[in-house]
Novice: 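For reference, the structure I am asking about is given below.
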Amino acid sequence: MSDVTPRLRFAPSPTGYLHVGGARTALFNWLYAKKFGGQFLLRIEDTDKARSTDESTRAIFDGLNWLGLRWDETVVYQGANVERNRADALRMLENGTAYRCFCTQAELAERRAAAEAAKDSFKYDRRCDRLSAEEVQSRVDAGVPFTVRFRVPEGTTSWDDLVHETISFPNKDIEDFIVLRTDGTPIYNMAVVSDDIEMRITLVMRGDDHISNTPKQILLYRALGAPLPQFAHLPMIHGLDGKKLSKRHGATAVSDYQHLGILPGAMLNFLALLGWSPGHDIEVMSMERMVELFDTKGLQKKAAIFDPKKLEWMNGQHLSLMSASDLAPLVTPALVSAGLATTEDLYSRRDWYLTLLELLKVRSRTTDDIVRQAAPYLVDEIRYDPEAEAKQWKDRPATAALLREVGTALRDLREWEPAAMEESLRALGERLGFGDKAGKIFQPLRVALTGLSVSPGIFDVLVMLGRDRSTARIDAAVARLESGGPPGA
RNA sequence: GGCGGUAUCGUCUAGGGGACUAGGACACGGCCCUCUCAAGGCUGGAACACGGGUUCGAAUCCCGUUACCGCUACCA
C-alpha cells in the first residue's frame, strides 16, 4: 500500500438516470475514499454528445446527493478536456508509441465483413504502420484524414486486480486500437486515461464490464510515461431473471426507490451487501459502520441479483432503528403532499407527532407505508374499509349496542391512560360474558376508531386520538350502524 | 468465433486444506408472544455446477468440461 492519499472517481455517462448499479459503484468508491482518508471525485463522461443530456447530469447529482455520497473537489466534465486528450494522443505519435492510420471507416467495415464471412476474427492488420515516413508525410501534406492508432507492443499485459487477483491478456489479442478520430476527438480509452492521469487517480474502481478495456488503458499509461493506478473491477448487478438489470425489471433508477419510500441509508446498506460482505454475519449497518468495516477483501467476484424483497426488509430494519425525530423530516413532506396534514400542524404538536411515528414505523417497511397508515390519526373524517366493516361489524345491531357501552365506559374514565382503559374494557368484556376474549371488544372498536382492522395497539390508538375524538368516532360508528344502511352506504 | 471473467441453499452471502453434520440473512412453512397488524423469539425444508487430479484429508489448490456474463466500434 502506497503512502499517498487515495484518489478515486465515479465516472458515469449522463445518458439516462442514476441506476442502482452506478450507485453501488459510487458507493464503493466513496467508502474506500472515506475509509482511507482519500478523495472521492466525480467525472461526468459527456463526450458522447448524441446521448448525453443536462437532465441526466442533474439526475446523477440528485441521486448522489440523496444518497449522501458527496464528492470532493469540483465536478470534472470530460467534454471539457478534449484538447488535453488530443495533446496526449499526439504526444504518443511523437514518442513513437502510436501511428497515423489512413484507412477509412468504409474500408475497415468491408474488411471486417470479409473476415467475418470467412469465419475469421478481424483484427487490424497494421498496414498503415508499414507506410514509409515519406508516404505518411505526403498524405498528411495532401490533407488525407487520419486516425491515430496505438501500436500495441509484444508481450503480455497484466495487473493485480483488487477483486480478481491477477488478470492478464496476451497483447497479440489486442488490436492496434484507435485513440484519436479523424476529427481529432479522443476515443473513450484515451479520454479516460488522459483524465485519470490529470486527476491523479490512484485507484480505478468500476464495473467488471471494463475488464477488457483495462489492458489497453494500462498500455496507454505506459506510453504516456504515467504511473499506473490500482484497479478493482466490481461484479455486475442482475435482475431476478439473471439478466443484466434493465428497465424490464421495473425500478432500476435510484430515484424510483426514493419515491417508493426507501431510506437512503437502507438503499446504501442493501447495495453494499450486493457484492461485498463485512463477514461475521453482519448485515444491518449505518454509513459510519460501513466505512469502518469496508475492505476490498470482502468484495465479491460474482454478479449479484437484485432482490427487491430484501431491500424492503432492509428498509424496515432501518426504519425501526431510526429515531422518530430523524424520521420526521422524511415523512412530513409525504404526509403533506398526501393532503393529510400541514407542516405547521405537525410542528405545533411535535411530541404527539413523534409518538405517532414511533407507533407506525415498526409496522412499516417504507415511509410510504407510514403515510398509508397515518390518515385516521390526522384527518377528521375516517374512511371505513368495507372488508373491515364486513368482518368486524357482522351483527350490526349488536355491535352498535356494544360500542355504546364502550363509549360510556370510556367517557367515565377518570384518567385517559392505557392502564385505566384496559381495566375498564376488560371488565366490560367480563360483564358481557366474553371471558378473556377481549378481542371481541377491541376489534369492533378498532374499526370504529380507525375504519381499519389493522392498527397499533388499541390503547395506543385511543391515546393518540384523545378522549374527545375517540368518543366522537364511537358515536359516529354507532350512528352508522344504527342507520341500517349496508356497509359503505 | 476469439479473448476475458464467474460458478456454495430460489436470492444475498460466511467459508480461504482438517473446527462442515457447510453457518447467517431474505423469501417460504410451522410454533410462541398477542386486542389486530407488524416487530421479536424458536423452528422446518433448502446449496458446495460436473469430471479428473494434488493431498493422509478439498467447498477451499490445479486441470478440463459445461453454463452464464462481459468485451470484441473512428460508443461510452
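Proteins come first, then strands; the chains are lettered A, B, ... in the order of their sequence lines, and each starts at number 1.
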Novice: Write down the distance separating the C1' atoms in B:rA58 and B:rG18, rounded off to the nearest Å.
Specialist: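 Result for the C1' pair: 10 Å, nearest Å.
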Novice: Does B:rU11 pair with anything, Watson-Crick or G-U wobble, both distances under 3.5 Å, and if so, with which nucleotide?
Specialist: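 Check on B:rU11: paired to B:rA25, both distances under 3.5 Å.
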Novice: Taking the side chain of A:R363 as heavy atoms from C-beta outward, which of B:rA38, B:rC69, B:rA76 is closest to it?
Specialist: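 Of the options given, the side chain of A:R363 lies nearest B:rA38.
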Novice: Let me know the distance between CG of A:L234 and P of B:rG70, rounded to the nearest Å.
Specialist: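 Atom-to-atom, A:L234 to B:rG70, this comes out as 16 Å.
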Novice: Could you tell me the separation between the CG atom of A:N189 and the P atom of B:rC74, rounded to a whole number of Å?
Specialist: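 Interatomic distance, CG of A:N189 to P of B:rC74: 12 Å.
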Novice: Across all strands, who's sitting opposite B:rC61 as a Watson-Crick or G-U wobble pair, both distances under 3.5 Å?
Specialist: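 Answer to the pairing question: B:rG53, which forms a Watson-Crick or G-U pair with B:rC61.
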Novice: Between B:rU36, B:rC74, B:rA76, spot the one nearest the side chain of A:L108, thanks.
Specialist: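 Out of B:rU36, B:rC74, B:rA76, the nucleotide with an atom closest to A:L108's side chain is B:rC74.
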Novice: What is the distance, rounded to the nearest whole Å, between atom NE2 of A:H318 and atom P of B:rA39?
Specialist: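 Going from NE2 in A:H318 over to P in B:rA39 covers 16 Å.
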Novice: I need a per-nucleotide contact map over nucleotides 1-8 of chain B, read 5' to 3'. Cutoff is protein heavy atoms under 4.0 Å; write B for the base, S for backbone only, - otherwise.
Specialist: B-SSSSSS
Novice: How many whole angstroms separate atom CG of A:D209 from atom C1' of B:rA76?
Specialist: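 These atoms are roughly 10 Å apart.
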Novice: Between protein and nucleotides 18-27 of chain B, map the contacts as a letter string: B base, S sugar-phosphate only, - none, heavy atoms under 4.0 Å, written 5' to 3'.
Specialist: -----BBBSS
Novice: Expressed in angstrom and rounded to an integer, what is the separation of A:H210 atom NE2 from B:rC69 atom P?
Specialist: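 It works out to 19 Å between those atoms.
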Novice: Hey, is the side chain of A:R100 poking within less than 4.0 Å of OP1 or OP2 on B:rC74, counting only N and O atoms?
Specialist: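 A:R100 to B:rC74 OP1/OP2: no side-chain N or O under 4.0 Å.
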Novice: For a quick test of reading the model: is some side-chain N or O of A:R426 closer than 4.0 Å to OP1 or OP2 of B:rC35?
Specialist: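 The answer is yes; a side-chain N or O of A:R426 sits under 4.0 Å from OP1 or OP2.
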